[in-house]
Amino acid sequence: MNLYNIDYTHMATLHCTIANVSETLFDGAVDSVTVPGTSGEMTIMAHHAPLISPLKDGTITVKIGGDKKTYTITGGVLEISENHASILV
């Protein structure tokens, strides 16, 4: 458990892939992913509606349970389809 007694083991997950032309930076199930959209920061969770959005320079934050992973990017594209977020940077 954690500070707020949230049981992360029963949350719905979203599959997330973060990649560039030469490698996959992350590929796995996440609770949420926050990206720097050109119109503002967006947090994506499981079963989000389909979406394509450009990304600006900033930080992607991936949350898995109580842990966070961050990736600094210089722009990119986000596509969400069928409970999968694909982020090309």
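Just so you know, these numbers use all the heavy atoms, side chains as well, and skip hydrogens, waters and symmetry mates. What you see is a predicted model, and the numbers here were worked out from it, not measured in a lab.
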I73 side chain near T59 side chain, heavy-atom distance below 4.5 Å
no
Taking the side chain as every heavy atom from C-beta outward, state whether V35 and I87 have any pair of such atoms under 4.5 Å apart.
yes
If I take atom NZ from residue K69 and atom CG from residue L25, how far apart are they, to the nearest 0.5 angstrom?
11.0 Å
To the closest 0.5 Å, what do you measure between CD1 (I80) and CG (L51)?
4.5 Å
What is the distance from atom OG of S32 to atom CE of M42, rounded to the nearest 0.5 Å?
13.0 Å
Might you point out which heavy atoms bring A29 and I64 nearest each other, and give the distance in Å?
O-CG1, 4.0 Å
Are more than 12 heavy atoms from other residues, nucleotides or ligands located less than 6.0 Å from atom CD of E23?
yes
Are Y71 and L88 connected in the hydrophobic side-chain network, where two residues link if heavy atoms are under 4.5 Å apart?
no
Using side-chain heavy atoms (C-beta onward) and a distance below 4.5 Å, is S86 in contact with L78?
no
Interatomic distance, CG@L55 vs OG@S53, rounded to 0.5 Å, equals 5.5 Å
Backbone N or O of H47 within a donor-acceptor pair of the N83 side chain at under 3.5 Å?
yes
If I take atom OG1 from residue T24 and atom CD1 from residue I18, how far apart are they, to the nearest 0.5 angstrom?
10.0 Å
Any side-chain heavy atom of L14 sitting closer than 4.5 Å to one from V33?
yes
Least distance between heavy atoms, P36 atom then G58 atom:
CG-CA, 4.0 Å
Rounding to 0.5 Å, atoms NZ (K68) and OG1 (T34) come to a distance of 8.5 Å
Donor-acceptor contact present, side-chain D27 to main-chain H15, <3.5 Å
no
D31 side chain vs G65 backbone, donor-acceptor pair below 3.5 Å
yes
